[in-house]
Amino acid sequence: MVGGYLVALIDKVRLKILEEIYKNIPPEAGLTKIEFEGPEIAIYLRDVKSVLEKEELIKSIAKIIKKRVVVRVDESSRKDFSDALEIILNEVPPDLGLTKEDVTFDEVLGEVIIKTTNPTAFFKDKRQLYNKIFMETGWRPRILRKPPLRSSILESTVKYLISQSEARRKILRSVGDRIHRDTLFKDPYVRITALGGFQEVGRSSILLETQESKILLDFGYNPSAPTLKQSMPRLDVANIPVEDIDAVVVTHAHLDHCGLVPLLFKFGYEGPVYATEATRDLMILLQLDLLDISKREGKPLPFDLQDVHKALLHTVTLKYGEVTDIAPDVRLTFYRAGHILGSAIAHLHIGVGLHNIVYTSDFKYGKTRLLDEAHTEFPRVDTLLMESTYGNATQLPRDEAEAKFVDVINRTLQRKGKVLIPTLAVGRAQEVLAILATA
Ligand SMILES: [Zn+2]
């Protein structure tokens, strides 16, 4: 009877996932547990060798259950830190210049974070080096690109996330519980409400509602608004408590799209924030900067450092093109937006083929010095929400504009003049520098 009762408690979606995994994992892998870890299903094994050797196995399980799957080694079968470190330093070719300072262990998730200037070296020849480290140490490698210049913000972000790993696992589990469940309603609808950034610049935010879920697309800040209320998205119009929101999607790190995400946490939001990895890192930098500037200007914001950290802890990073369940009836895929580092166009697939929305957020149609152009081919689109900044302005073709820009600078310098270039700090400034560097 107890067994029957337990089965009744697990809903159909979960039961199907568990069944398929048990059926497909070979017995020699020693399956110990399955966890719903945010949008991913984590499979813990005693020995990953047999699974890593059958390259297609995990992919085919993921395909059957239509979920993202991650494999980890059970705690009892991982090498201790010093042995694992020795193996890693021995296996990594000396020309990669890896030192022990580049290697950090995340005990809670069973991951080893390896910082390197050459991440591709770990994945070449069918992930040979990556798989070897994973098999021999039992620690799942997470390869991070080491920036050419030391970045204290990046280092402190990684350090903070590892120090809060236990809290993060709890968050991911509760997010996982909310995503991987049966849908409850049979009368589907999709509603979009503009909360900010429509016919104005700043405080961009859209509420996407279905009968099952509520998702915020961006939650920006408008620093030039005369009052605090006017600088915030109109969550009051939506009239929903923040606890009812299932997910927040951040398209890019400009503050008019993500500046007030920490405020949601101050109000009591406990759910996930989805962004690309680069957006997460830039977002923290800009939110901390925003706090600092507001304080110095005597216009303190209604959130503080703690809320920025809380937002970071709840951020789940996604790669471009990775289809991810963010609610029982909503799948999110990020595509390249060509706007700034990490910027994304969000494609949302709702229900089983019910409706498809593309929210472009800020995007750049052409290629730039630093970024490829925006992705423009989507599997299905029923509703397109398109940012229109500069959409009504006629601009010079890129090569003509660049030539004119360089010419003005050269003429000024010839007259022994000085050139000041007022520009947006994140994205545009780097693009301008790249033009000057090659002029
Ligand atoms: Zn932007």
Side-chain angles (χ1 to χ4, degrees), residues 13 38-40 62 66-68 175-176 178-185 187-198 204-220 233 235 238 240 242 244-253 257-258 261 264 269 271-277 279-280 283 314-339 342-363 374-388:
V13 167
E40 292 179 325
K66 293 199 177 70
K67 301 282 173 193
R68 283 171 49 198
V175 170
R178 225 166 144 156
I179 297 172
H180 306 291
R181 62 161 173 85
D182 290 348
T183 48
L184 303 170
F185 303 99
D187 180 22
Y189 69 84
V190 182
R191 182 161 62 206
I192 283 166
T193 312
L195 305 183
F198 284 66
S204 282
S205 188
I206 296 165
L207 175 68
L208 169 73
E209 280 174 282
T210 72
Q211 228 167 17
E212 298 287 340
S213 36
K214 294 176 177 56
I215 289 157
L216 274 181
L217 304 173
D218 287 335
F219 203 69
L235 206 53
I240 49 162
V242 283
D244 284 8
I245 296 166
D246 294 86
V248 177
V249 175
V250 171
T251 58
H252 67 287
H257 288 260
C258 73
V261 169
L264 293 169
Y269 177 61
V273 176
Y274 294 98
T276 63
E277 202 165 312
T279 295
R280 178 196 64 189
M283 181 164 71
H314 285 75
T315 300
V316 176
T317 59
L318 305 180
K319 292 188 171 69
Y320 294 123
E322 220 168 43
V323 183
T324 304
D325 291 82
I326 60 167
D329 61 340
V330 182
R331 287 203 159 121
L332 166 70
T333 315
F334 279 144
Y335 291 93
R336 238 178 24 235
H339 172 56
S343 62
I345 292 175
H347 178 277
L348 298 130
H349 175 93
I350 297 151
V352 184
L354 172 69
H355 201 79
N356 291 276
I357 296 176
V358 165
Y359 167 47
T360 66
S361 186
D362 291 339
F363 70 105
H375 187 96
T376 49
E377 275 172 40
F378 302 96
R380 275 165 301 196
V381 185
D382 303 298
T383 297
L384 175 65
L385 289 158
M386 192 163 73
E387 191 82 35
S388 56

Return the [atom1] to [atom2] distance between [X] and [Y], rounded to the nearest 0.5 Å.
X    : Y    : atom1 : atom2 : result
S361 : I345 : OG    : CD1   : 8.5 Å
I357 : F378 : CD1   : CZ    : 13.0 Å
E322 : T333 : CD    : OG1   : 9.5 Å
F198 : L385 : CZ    : CG    : 6.0 Å
I245 : K214 : CD1   : NZ    : 9.5 Å
L332 : Y274 : CG    : OH    : 8.5 Å

**Fill in**
Result for side-chain contact (heavy atoms from CB on, under 4.5 Å) between D218 and one of L195, V250, V248, D362 points to V250

**Request:** Give me the one residue out of L217, L318, I206, L216 that meets side-chain contact (heavy atoms from CB on, under 4.5 Å) with V249.
**Result:** L217

Find out whether [X] and [Y] are in side-chain contact, i.e. whether some heavy atom of one side chain is under 4.5 Å from a heavy atom of the other.
X    : Y    : result
L354 : V190 : yes
F363 : H375 : no
L348 : I326 : yes

Spell out, as yes or no, whether a donor-acceptor pair under 3.5 Å connects the side chain of [X] to the backbone of [Y].
X    : Y    : result
H349 : G351 : yes
T279 : G342 : yes
H355 : V381 : no
T183 : P328 : no
D382 : N356 : yes
D325 : P39  : no
E212 : L184 : yes
T193 : A238 : no

**Message:** Under the criterion side-chain contact (heavy atoms from CB on, under 4.5 Å), I'd like the reasoning laid out for E387 against H257: C-alpha separation, chi angles, the key distance, then a yes or no.
**Reply:** CA-CA 12 Å; E387 191 82 35; H257 288 260; 3.8 Å; yes

Which heavy atom in [X] sits nearest to a heavy atom in [Y], and how many Å separate them?
X    : Y    : result
S213 : D246 : CA-OD1, 3.3 Å
C258 : M283 : SG-CG, 3.6 Å
P233 : G220 : CD-O, 3.2 Å
Y320 : T276 : CE2-CG2, 4.0 Å
G338 : S343 : N-OG, 3.8 Å
R331 : V323 : CD-CG1, 3.6 Å

**Request:** Applying side-chain contact (heavy atoms from CB on, under 4.5 Å), run through L235 and F219 and close with a yes or a no.
**Result:** CA-CA 10 Å; L235 206 53; F219 203 69; 4.2 Å; yes

**Request:** Describe, in one word, how the ring planes of H347 and Y335 are oriented to each other, choosing from parallel (under 30°), tilted (30 to 60°) and perpendicular (over 60°).
**Result:** perpendicular

**Request:** Take I350 and L208 through the side-chain contact (heavy atoms from CB on, under 4.5 Å) test and state the conclusion after the steps.
**Result:** CA-CA 10 Å; I350 297 151; L208 169 73; 4.1 Å; yes

